[in-house]
Amino acid sequence: MPAKLKFKLVFCSSEDPEFPATELNAHSPHTVGWQSARFCEYPQELGFSFAAPVHLSRLQVLSHQFKIAAKLELFVGSCPDGEK
């Protein structure tokens with residue numbers, strides 16, 4: 001059965017001060033979410049880390065109705081032993 005995986009945001013290429021990327025680490029009705037900085041350069045990048053190797057079968061992205069990305073690319077990898 002699918003379950004939410006715990007993750008940590010480790011990199012963000014830009015953020016709006018009122019919608020910081022750290023909001024992606026919290027999941028509650030009170031979080032405001034992340035937005036890139038106004039007039040930022042594209043592409044925007046977000047990096048996430050998991051505590052251990054995971055099997056990722058689905059990724060859910062929630063977008064504002066007027067701020068939907070035209071394209072999403074997903075890259076996965078692993079760190080060499082001993083690195084985080």
Pro20 meets the side chain to side chain contact (heavy atoms under 4.5 Å, CB included) criterion, sequence neighbours left out, with Glu15, Thr22, Glu23
(Q) Hydrophobic clusters here meaning ILVMFWY residues chained together by side-chain heavy-atom distances under 4.5 Å, can you tell me if Phe19 and Leu24 are in one? (A) no
Output side-chain donor-acceptor pairs under 3.5 Å for residues 28-37, partner residues at least two apart or in another chain, one line each.
unit_1: Ser28; atom_1: OG; unit_2: His30; atom_2: N; d: 3.1
unit_1: Thr31; atom_1: OG1; unit_2: Ser28; atom_2: O; d: 3.0
unit_1: Trp34; atom_1: NE1; unit_2: Ser14; atom_2: O; d: 3.0
unit_1: Gln35; atom_1: OE1; unit_2: Lys67; atom_2: NZ; d: 3.1

Donor-acceptor contacts, no H, no angles, side chain residues 58-65, under 3.5 Å, sequence neighbours left out:
unit_1: His64; atom_1: ND1; unit_2: Phe66; atom_2: N; d: 3.0

Here the pair of heavy atoms bringing Asp16 nearest to Glu18 is OD1-N, 2.7 Å
Heavy atoms of Cys12 and Leu46 approach each other most closely as SG-CD2, 3.9 Å
Distance-only criterion, 3.5 Å: show the donor-acceptor pairs between side-chain atoms of residues 69-80 and protein atoms not counting sequence neighbours.
none

The side chain to side chain contact (heavy atoms under 4.5 Å, CB included) partners of Phe50 (sequence neighbours excluded) come to Leu5, Phe7, Val54
Phe11 meets the side chain to side chain contact (heavy atoms under 4.5 Å, CB included) criterion, sequence neighbours left out, with Ser13, Glu45
